[in-house]
Amino acid sequence: MRKRLSVLVPGAGLLLIAAGTAVFAQFQSGSYGSTKTNSLAQTISPQLSQDGNFSVASFPSFATELAEGEGRAETQSFCAMCHSTRYITMQPPLPAPTWDAEVNKMIKTFGAPIPDAAAKKIISYLQDHYTPENRKH
Amino acid sequence: MEQRRQNVSRRDALKLLSAAGGLTIVKWSRSTFAEQLPVNQEIEPFTGPGPNPHWNSVGPYVGEPQKAPLIGLTDRPVQLETPRSYFRSVFTPNDAFYVRWHLPDIPNRVDLAEWGLKIEGNVNKPLTLSFSELTEKFKPVSVTAVNQCSGNSRSRFQPRVAGGQWGNGAMGNALWTGVRLRELLDAAGVKQGSVQVQFQGLETGPGPQGSGSNVFLKSLELSDSALDEAVVAYLMNGEPLPMLNGFPLRLVVPGYFATYWMKCLTWIRVLATPDENFWMKTAYRVPDTLRGNTTPEEMKAGGVKTIAISRMPVRSFLISPDGSSKIPAGMNVTLRGIAFSGYGKIVKVEVSEDGTKTWREARLGEDHGAYSFRTWEAQWTPKIPRSYTLAVRATDEKGKVQPDEPVWNPGGYLWNKIEKQEIVVGKVSGGESR
């Protein structure tokens with residue numbers, strides 16, 4: 001069962017994203033909140049109740065800076081379902097055929113539901129910005 | 001403005017110094033000006049296509065629940081690397097212990113009043129054990145063991161390979177306390193003809209059922225002697241596990257790479273046929289060759305036989321000094337570090353001051369067991385001001401020594417090349433080093 005949450009946690013300044021928090025009786029998972037990198041504020045201990053629930057705050061998530069260009073919108077929407085697009089920017093510059101293979105792996109092996117046209121656009125986008133020849137940031 | 005503050009010009013610095021005045025100040029200011037004041041430059045956001053030149057990965061520091069600021073590789077799912085300085089202690093603190101998940105739906109909350117460990121599959125008596133049954137009905141055992149990600153140091157690979165771009169900090173050492181896995185299996189009664197035991201935790205993703213993006217699963221052969229040493233741990237360094245390290249229960253497989261150390265372990269499933277799920281059949285496999293080596297050309301040609309990754313090859317690290325500041329010539333400093341092997345005890349650690357040409361033996365620290373970090377120390381008195389290439393290599397009880405050759409395989413696994421560190425020694429007044 002998946003609940004979409006979009007809650008502002010007062011004080012913490014965290015905006016929970018609708019990524020798909022799953023809530024079960026035994027456990028709850030996948031809650032991420034957006035925040036800024038490079039700001040590591042101290043936090044205070046939360047109020048704890050004496051029931052069986054052992055919980056932690058949402059995991060902070062960051063807006064990944066993807067290079068500007070044709071295909072970025074498709075990449076942002078189709079490549080952030082199972083992981084953030086940090087999975088892309090964390091990589092070293094990869095040769096063009098490797099990006100082709102990666103996108104195909106996401107579709108064929110991991111079952112990413114990406115229409116052919118969008119997949120083509122994403123591959124071109126990654127090949128235009130994330131290879132040893134052209135990667136800038 | 002930030003920029004200007006960092007680049008205090010030489011003239012500004014002189015002005016500041018002369019304002020302070022005094023002959024002695026001029027004296028040390030002169031040697032300071034032989035080189036520029038260091039500039040605190042932000043680390044680049046990615047490395048490559050060459051190898052990552054830093055000890056750690058290059059991500060920003062991030063603040064995750066129950067964690068000290070650690071190096072963030074990815075935010076969803078969470079992957080965090082432990083900074084080098086934490087390895088000064090033989091036990092890695094829980095709040096500094098690295099984190100590696102594969103799928104985005106990882107627990108923020110576990111209700112221990114409801115939660116239970118299930119032992120099921122090809123067993124005579126399927127069981128669900130509550131948390132208190134685990135801690136009270138079974139004899140607690142403890143083992144000190146290193147947990148290292150299969151892809152630790154992947155960012156050293158040439159050519160680079162896709163995957164988590166870890167530096168050296170995807171590892172940690174802890175005292176794990178829990179119940180022997182074999183005792184739990186015996187309690188459920190493994191049926192004749194069973195071949196493997198599968199582990200599943202609370203790590204899932206939105207991908208389609210039956211695919212690797214839906215659930216993370218790992219299995220081990222029932223006949224594997226590693227299972228005899230495996231512990232289902234509810235304590236880590238004497239404390240409950242941090243949520244991100246697998247609260248409430250984690251499988252500990254001493255000597256084996258962390259891929260098998262299932263976090264938030266909730267299902268132990270005895271299998272009558274080998275596990276063919278993605279995380280066993282396709283991922284975490286290494287070429288069935290010496291050191292798991294192959295080449296991109298061999299991979300392209302096809303037919304490279306692979307096996308599931310298992311034990312960790314011998315490794316060692318220099319932790320301090322770390323090269324971030326100079327050492328005065330003629331000063332005696334202590335070189336400190338750690339070593340470990342998944343094949344058993346560390347028997348020897350050697351250090352080199354000349355980039356692997358000559359070696360001398362370091363002194364080993366306290367023995368915390370065959371699968372623990374073993375600390376080491378060596379004294380060093382560099383006399384001549386120059387740059388030195390320190391190197392460290394370990395030997396394990398099977399006689400395996402770290403080589404100076406790199407490793408390459410498409411998964412980016414099993415890196416254990418000799419580590420090196422440039423250390424700059426600076427001139428001091430008086431003495432032979434002048």
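Letters go in sequence order (proteins before strands), and every chain restarts at 1.
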(message) So which residue, P240(B), G212(B), G163(B), ends up with the most heavy-atom pairs under 4.5 Å with chain A?
(response) G163(B)
(message) Only pairs of heavy atoms separated by less than 4.5 Å count here; which of P159(B), P208(B), P69(B), G116(B) has the most with chain A?
(response) P208(B)
(message) Show the nearest heavy-atom pair for residues P77(B) and C82(A), with the distance to one decimal.
(response) CD-O, 4.1 Å
(message) Check the orientation of Y87(A) and H83(A). Use parallel for under 30°, tilted for 30 to 60°, and perpendicular for over 60°.
(response) parallel
(message) Out of L112(B), D111(B), D75(B), N108(B), return the one with the most heavy atom pairs under 4.5 angstrom to chain A.
(response) N108(B)
(message) Shorter than 4.5 Å, heavy atoms on both sides: which option in Q26(A), E65(A), R86(A) has the most such pairs with chain B?
(response) Q26(A)
(message) If I measure from the heavy atoms of chain B, does A112(A) come under 4.5 Å with its side chain, its backbone, both, or neither?
(response) neither
(request) Identify which of S213(B), A113(B), P248(B) forms the greatest number of heavy-atom pairs closer than 4.5 Å to chain A. (result) S213(B)
(message) Could you check whether N134(A) and T131(A), counting side-chain N and O atoms only, form a donor-acceptor pair closer than 3.5 Å?
(response) yes
(request) Return the option, out of S211(B), G72(B), G63(B), P104(B), with the maximum number of heavy-atom pairs under 4.5 Å with chain A. (result) P104(B)
(request) Against chain B, label T64(A) side chain, backbone, both or neither, depending on which of its atoms sit under 4.5 Å from a heavy atom there. (result) neither
(message) Run the ring pair (Phe, Tyr, Trp, His ring centres under 6.0 Å) test on F278(B) and H102(B) for me, step by step, so that the C-alpha distance in whole Å, both residues' side-chain angles and the decisive distance to 0.1 Å come before the verdict.
(response) CA-CA 12 Å; F278(B) 169 81; H102(B) 306 75; 9.5 Å; no
(message) Is F247(B) in contact with chain A via its backbone, its side chain, both, or neither, using a 4.5 Å heavy-atom distance?
(response) side chain
(request) Heavy-atom distances under 4.5 Å only: say whether W101(B) touches chain A with side chain, backbone, both or neither. (result) backbone
(message) With a 4.5 Å cut-off on side-chain heavy atoms, are N245(B) and V99(B) touching?
(response) yes
(request) Could you check if a side-chain atom of Y125(A) sits within less than 4.5 angstrom of a side-chain atom of L66(A), using non-hydrogen atoms only? (result) yes
(request) Would you please go through residues 44-56 of chain B and name the residues with a non-hydrogen atom below 4.5 Å from one of chain A, in numerical order? (result) F46(B), T47(B), G48(B), P49(B)
(message) Contact between I88(A) and W99(A) at the side-chain level, heavy atoms closer than 4.5 Å - yes or no?
(response) yes
(message) So for Q66(B), is it side chain, backbone, both, or neither that comes closer than 4.5 Å to the heavy atoms of chain A?
(response) side chain
(request) For E74(A), enumerate each residue passing the side-chain hydrogen bond (donor to acceptor under 3.5 Å, both in side chains) test, keeping only those at least two apart in sequence or located in another chain. (result) K121(A)
(request) Sort E102(A) into side chain, backbone, both or neither according to what part of it lies under 4.5 angstrom from a heavy atom of chain B. (result) side chain
(request) Tell me, for H137(A) versus chain B, whether the close heavy atoms (under 4.5 Å) come from the side chain, the backbone, both or neither. (result) backbone
(request) Could you tell me how the ring of F131(B) sits relative to the ring of Y234(B): parallel (under 30°), tilted (30 to 60°) or perpendicular (over 60°)? (result) perpendicular
(message) With heavy-atom distances below 4.5 Å as the criterion, would you say the side chains of R250(B) and L265(B) are in contact?
(response) no
(message) I'd like to check R76(B) versus F62(A) (side-chain heavy atoms, cut-off strictly below 4.5 Å). Are they in contact?
(response) no
(message) For chain A, which candidate among S155(B), A162(B), G210(B) shows the most heavy-atom pairs at distances under 4.5 Å?
(response) A162(B)
(message) Could you check whether any side-chain heavy atom of C79(A) comes within less than 4.5 Å of a side-chain heavy atom of I122(A), counting everything from C-beta outward?
(response) yes
(message) Does W115(B) form a ring pair (Phe, Tyr, Trp, His ring centres under 6.0 Å) with F27(A)? I'd like the steps, not just the answer.
(response) CA-CA 8 Å; W115(B) 177 90; F27(A) 70 99; over 10 Å; no
